[in-house]
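So the structure is just underneath, and the comments pick up after that.
The shown structure was predicted, so the numbers you read here are calculated from the model rather than taken from an experiment. Note that ligands are numbered from 1 as they come in the structure, with each ligand's atoms numbered from 1 the same way.
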Amino acid sequence: MYVLAALRFALLGQLAALVSATVTDPKILDACPGYKAKNVINLGHTLSADLVLDGKACNVFGPDIEKLKLQVTYESKDRIHVKITDPADKRYEVPESVLPRPKADLLSGPLTSEIRFNYTTSPFAFSIYRSSTHEVLFSTASHPIIFEPQYLRVKTNLPANANVYGLGEHTDTFRLPTHNYTRTLWSRDAYGVPQGNNLYGNHPIYFEHRTTGTHGVFLANSNGMDIKIDDSEGTGTTLEYNVIGGILDFYFLAGSESDPTEVVRQYADVVGLPAEVPYWSFGLHQCRFGYQNYIDVSEVITNYSAAGIPLETMWTDIDYMYKRRIFTVDPDYFPLDRMREIVDYLHSHDQKFVLMTDPAIAYLPDEGYGPFDRGTAADVWLKAANGSSPFLGAVWPGVTVFPDWFNPKTQDFWTNEFKLFYDPNTGLDIDGAWIDMNEPSSFCNYPCTDPFEQAKQQDLPPARTSSPPDPDAPIFGQEPFSAKRHVKRVDHSGDDVQTPPYAIANFAGNGALSDKTAYTDAVHANGLIEYDTHNLYGTMMSTATHDAMLARRPGLRTLVITRSTFAGAGTRVGKWLGDNFSEWSHYKQSISGILGMAGIYHVPMVGADICGYAENTTETLCARWAMLGAFYPFMRNHNADTSISQEFYRWPTTTQAAKNALDIRYRLLDYLYTSFHQAKLDGTPVLSPLWYQFPKDANTFAIDTQFFFGPSILVSPVIEENSTSVDVYYPNELFYDFHTLAATQGGSTTTLTDVNFTTIPVSIKGGAVLPLRANSAMTTTELRKTDFELVVAPSSKGTASGSLYLDDGVSITQKHTTTVEFAYKGGKLTVKGTFGYPTGVDVSRVRFANTKSTPKTVRLNGKAVTPDKIAFDSATGVLDVTLGIPFKSSFTVELD
Ligand SMILES: *[C@@H]1O[C@H](CO)[C@@H](O)[C@H](O)[C@H]1NC(C)=O
Ligand SMILES: *[C@@H]1O[C@H](CO)[C@@H](O)[C@H](O)[C@H]1NC(C)=O
Ligand SMILES: *[C@@H]1O[C@H](CO)[C@@H](O)[C@H](O)[C@H]1NC(C)=O
Ligand SMILES: *[C@@H]1O[C@H](CO)[C@@H](O)[C@H](O)[C@H]1NC(C)=O
Ligand SMILES: *[C@@H]1O[C@H](CO)[C@@H](O)[C@H](O)[C@H]1NC(C)=O
Ligand SMILES: *[C@@H]1O[C@H](CO)[C@@H](O)[C@H](O)[C@H]1NC(C)=O
Ligand SMILES: *[C@@H]1O[C@H](CO)[C@@H](O)[C@H](O)[C@H]1NC(C)=O
Ligand SMILES: CC(=O)N[C@H]1CO[C@H](CO)[C@@H](O)[C@@H]1O
C-alpha cells in the first residue's frame, strides 16, 4: 500500500526511466562469437561439456567468460535441466533454502523422455524438441549465448504469432504480445506504474501453446532481467533473456500434446505444490487503508451485518500502528483493549481478524522500541555494503532497518515478535497475516545517502488527519469491557552492482536498481548481496511469516497474504495483486493477473483489490467488481486512505450485486475447496484460461476476459463501463446457466448476453456434477452446517463427473476426510466415496439438467422415489429430485 502523495515520485521515476532506456542492437549480439562444445561426455541421462569461447570476445557488457561448463540432466520423462555455469568463478545461484530443487529420477533418459536435448558443437547451440514429433520447442541456433560477469544472454526462436503466457508478475494481456515486448523482472513497489512495467513479484516461467502441444521453460534465476519477445527483426519471432547475474539454470517442461494442464502440474514438480488454506479464508474479506480509529472498524462489521452481506474477515491496515511502527497499536486511535474487544466480538460471531505487518522496522536506538532493540541485540538486520552497520531506508515510520531473512537468527526473532504482539491473551489474536512493502519497498529515492533527511522531507511517519476517538465509546451496541543450508560466497569484486553495464528496464528513478528499495550492495548474514537476492526478499519474508504464524497456532493452516513473490512462494502463502486503481482497465487486467498466479505460478490464493485501491470507485464499478471478485480465490474489498468509502453496503446496486455473487460463491465454496485440495495433491490449476480446456480451439488462445473457476464454472463478466451486455464465447460444448440450468450448445461462437448491474454470467460446462450447498450463509461456519445438493450437467456425450473433498477446514494434518466421486452415465448417477469426515448434513436434492422428459421411474439406491418428490420443468429440461438423505454414504440415482 502506498499513499497518493508519493505518486509524484513515481511519475518522476517514469520520466527518468524513459530517458535512460537501454537499446541493445540484436545484430551486435548475434555477431558475438558464442561457444564451441568440447569434451562432450554423453551418458544418456546426463550430458556434460566444456564450452569454450569460439572467436574474438565481443565484450558487450563486460568481458566474455572464456570457458563455461554445460550440464544437461534428464530429470524425469517430462523434464530436462540445462545448467551453464562458470567453472572458475563462484557465481550466485538461487539458494536451495529458498527454492528447493526437485530430485532427478535416475532412470530417466532420452529414450523415455517426451522431450530431448539436441546440440551442435561448433558453434555451440542447443535445442529442445518433442520426441514424438521432432517438433523444435526451443532453439538457440544462430543466436550465440553470451556469458559475461554481469550479463547473460540466451535467445530462442519461436513460431510466428507464438502463444506465450507467463513471465509475471505483469499487468499485460494473458497471452503476451510478440512485438517489441519487454518483460522486466525486478521487484518493486509499483503504485501507479503504467501497464508493461516491472511489478512486485517475479516468476521467470513461460508456457508456450501450439495446437500440437504445450510446453514450459523455467529459468531458475533471481537476478534482474529483461525478457524480450519480438518479431520485428525480420528473422521470425524470438524470445531473449538478458540477465544481469547468476547462472543459466533452465528447466524445460515437456507439457503434453493434448492437455495444457499437464505443463502446469509439471511446473509444480519444480517449484512446489501450493499450500492448502483454511476453509474460512474463502469467505469475504473487508479492508481499507484509512479507517480512522477502532470505532470505524467496529462500525464496518456492524454495517455489513445490518446489510445482510456475509463478512467473514475484518482487516486493518497500518492505521492501527503507533507512528506506523510494526508490532505496536496507537493507544489513542486503536487502543489495545478496544481492539481486543473487536477481535473477541469477531471470534464470538465466527468471524476472523487480519492485520498488516511490514518488514521495515523503525530505526529507534535508545527509545525502548522492543522490536528494534531485540532485533539489534540478535543482530538480524540487513547490513550496509561495509557489513558493519545496518542498511537504512525510509519507510512509513521514518528511517528503518530491514530484517535479513538469510540470517539464521531472524526466524526466531520474527516468530518471537509475532508471539508477543499477536498473543491471544495479551495482544491481538489475528487469524491471518498480511505482509506488504516486501520488495522491499523504501521511500528513499536513489541515491539514498541521507535517509533521515528524506524521511523528514516526506513527513514520515505522516501525522494523523483526525482527532482521536472517545476511548470509551460503545461499540457493537455495548459499553466497553476494558480489558539452512550452506550458501557459497559469491565474488562480486570488480562488478558494478549499483549501475551494471546492462541496464534492465527497471521502472524506477533513473532505472537505478537501488531506487526505493534496499541497496543492491546491502549484505546478508551469509554474504549474499541484494544484487542477487533482491527478488527473493518478499518470498523469504513470506516463509518466515508463515512459520511464525504456524508457531502461534501449531497444527493449523495459515493464511498469509503477501505482495511480493518469487517462484515457489505459493507453497506457503497467497497474494493480492497490489495497489490497483478504481478503474475499469484495472478491473479487466485483474483477470489475467489472477490467471497468471492461479493458472501458471502456483500461487492460487490470489485476488485483486475489489472496487479498486486508489482513486474513487463508482457504484457500478464496485458492483461489477464485487461480482467478478466473487470468483477470485481470495476475495477482498480494499481501499486507499484518500478514496471514498467503498464497502459493499454503501450503494444499493453494489449491495445487491455483492449479495447475488456471494450467494453463488458460497454455494460453490466446497467445489472451490475441492479444487484447492486437488491443486495441493498434484498442481492442477484452480483457475484456467479457456484454452487449457479447449486447446485446439484457436479462438480461445487470446481470451482473458473469461475464465474457468475450478474445473467447470465458466465466468464471463461484463468488461465495459455502463454496458448491460457482454459477448460470451462458448467453445464447442454444452453450457448451462448456473441459476436456471437452461442449456446452450456452444458452437465456438460469441453470444451477446444481456446482463443488468446486479448479475454476472456464470455457466456450468457440460460434463460436470457439481456439489453445491443448498443455501448460502452469513459465515462459513454456518455454511458448513447447510445441506448439499447436486447438479448433473451432462456433456454433449451425455456423461458427467465431479468430485468433492471435505475435512475440518483448518488442520494441516487431517484425521478424518471425505472424498466423493460423482459419475453420471446412461441416466445413472453414482455417488461413491469414503465418508470419514462427518458433515452432519443431508443431500437435499439432485437436479438433472438437459433431461428430455419425465422419466417413468426415478430410483434412489434401487428403490422408486415417490412422484411428489419429482418435478420436471419442460421449459428448461431440468428434472428436480428431492432426496433428503444424510450425506454419509454412497448412493445411486437412476432415471428410466
Ligand atoms: C539435432 O541436431 C542436428 C544438428 O543440427 C540436426 O541435424 C538434427 O536434425 C537435429 N535433430 C532433431 C530431432 O531436431
Ligand atoms: C520498441 O519499443 C521501444 C520502447 O517502447 C520504442 O522506443 C521502439 O521504437 C520500439 N521499436 C520498434 C521496432 O517498434
Ligand atoms: C455504519 O452505518 C451507520 C448507520 O447507517 C452510519 O452512520 C455509519 O457512518 C456507518 N459507518 C461505517 C464505517 O460504515
Ligand atoms: C558502514 O556504512 C554505513 C552506510 O554507508 C555508514 O553509515 C557507516 O558509518 C559505515 N560503518 C563503518 C564502520 O564504516
Ligand atoms: C475522491 O472523492 C473525494 C471526495 O469526494 C475527493 O475529495 C477526491 O479528490 C476524489 N479523488 C479523486 C482521485 O478523484
Ligand atoms: C458511463 O455513464 C456515466 C454516467 O452517465 C458517464 O459519466 C460515463 O462517461 C459513462 N462511461 C462510458 C465509458 O461511457
Ligand atoms: C437482473 O437480472 C436478474 C437475472 O435476469 C433478475 O433476476 C433480476 O431481477 C434483475 N434485476 C433487476 C434490478 O432488474
Ligand atoms: C501498479 C499496480 O499495482 N497495478 C495493479 C492494479 O490492478 C491490477 C488488477 O486489478 C493489478 O494486477 C496490478 O498489479
Side-chain angles (χ1 to χ4, degrees), residues 2-8 10-11 34 36-37 40 42 47 49 72 80 82 110-111 113-144 156-157 191-192 212 215 252 254 288-290 363 365 376 379 381-394 399-402 404 442 444 446-455 465-466 497-498 514 518-523 529-530 579-584 586 611-619 621-622 639-646 650-651:
Y2 207 73
V3 264
L4 212 53
L7 180 58
R8 62 197 169 91
L11 292 178
K36 239 191 328 250
V40 178
N42 190 344
L47 180 150
V72 180
I80 300 177
V82 175
L111 292 180
S113 181
E114 296 188 357
I115 46 174
R116 288 183 198 143
F117 177 86
N118 196 14
Y119 67 102
T120 54
T121 47
S122 182
F124 169 73
F126 75 91
S127 63
I128 301 289
Y129 67 90
R130 201 174 279 294
S131 311
S132 58
T133 57
H134 286 200
E135 190 177 4
V136 175
L137 307 178
F138 190 99
S139 166
T140 67
S142 69
H143 307 298
T156 175
N157 300 310
Y191 182 88
T212 52
H215 64 276
F252 294 95
R288 86 162 290 170
F289 178 25
Y363 176 78
T376 302
D379 193 20
W381 311 134
L382 180 67
K383 296 291 195 312
N386 57 26
S388 50
S389 34
F391 171 79
L392 300 181
V399 175
T400 66
V401 292
F402 298 85
D404 171 6
S442 165
C444 201
Y446 182 80
C448 180
T449 40
D450 190 349
F452 294 91
E453 183 54 31
Q454 289 213 29
T465 54
S466 61
V497 297
Q498 288 292 5
S514 295
Y519 265 34
T520 45
D521 61 9
V523 204
I529 64 171
E530 274 291 285
D579 294 343
N580 63 11
F581 282 43
S582 299
E583 287 177 5
W584 287 88
H586 286 194
C611 301
Y613 172 72
E615 297 184 339
N616 291 329
T617 196
T618 64
E619 178 167 9
L621 175 58
C622 199
N639 195 5
D641 56 342
T642 56
S643 306
I644 57 167
S645 295
Q646 63 181 33
R650 298 278 176 180
W651 306 270

task: Using protein heavy atoms only, decide if any is under 4.0 Å from atom 5 (O) of ligand 4.
output: no

task: Check for a donor-acceptor pair, side chain of Arg288 on one end and backbone N or O of Gln646 on the other, with a separation under 3.5 Å.
output: no

message: I need the atoms of ligand 1 closer than 4.0 Å to a non-hydrogen atom of His134, numbered in the order shown.
response: 13 (C)

- prompt: Do the rings of Tyr363 and Phe452 sit parallel, tilted or perpendicular, given the 30° and 60° boundaries?
  reply: perpendicular

message: To check your reading of the model: name the closest protein heavy atom to atom 2 (O) of ligand 4, its residue, and the distance in Å.
response: Asn386 ND2, 2.3 Å

task: Using distance alone, with no hydrogens and no angle criterion, decide if Glu114 and Ser131 have a side-chain donor and acceptor under 3.5 Å apart.
output: no

message: Could you identify the single nearest non-hydrogen protein atom to atom 14 (O) of ligand 1 and state the distance to 0.1 Å?
response: Asn118 ND2, 3.5 Å

- request: Output yes when the distance from some N or O of ligand 1 to some N or O of Thr120 is under 3.5 Å, and no in every other case.
  value: no

query: Would you say Asn616 and ligand 5 have an N/O pair spaced under 3.5 Å apart?
result: yes

- prompt: Is the side chain of Thr140 donor-acceptor paired with the backbone N or O of Ala125 at a distance under 3.5 Å, no angle test?
  reply: no

- request: Determine the minimum heavy-atom distance between Trp381 and Asp404, stating which atoms define it.
  value: C-CB, 3.8 Å

query: Which protein heavy atom lies closest to atom 3 (C) of ligand 4, and at what distance to 0.1 Å?
result: Ser389 OG, 3.4 Å

- prompt: Under the 4.0 Å line, does any protein heavy atom show up next to atom 9 (O) of ligand 1?
  reply: no

field: Phe252 and Phe126 aromatic ring geometry - parallel, tilted or perpendicular at 30°/60° bounds
entry: perpendicular

- request: Looking only at protein heavy atoms, identify the closest one to atom 13 (C) of ligand 4 and say how far it is in Å.
  value: Ser388 OG, 3.3 Å

field: Those residues that, when tested against Phe124, pass ring pair (Phe, Tyr, Trp, His ring centres under 6.0 Å) (two or more places apart)
entry: none

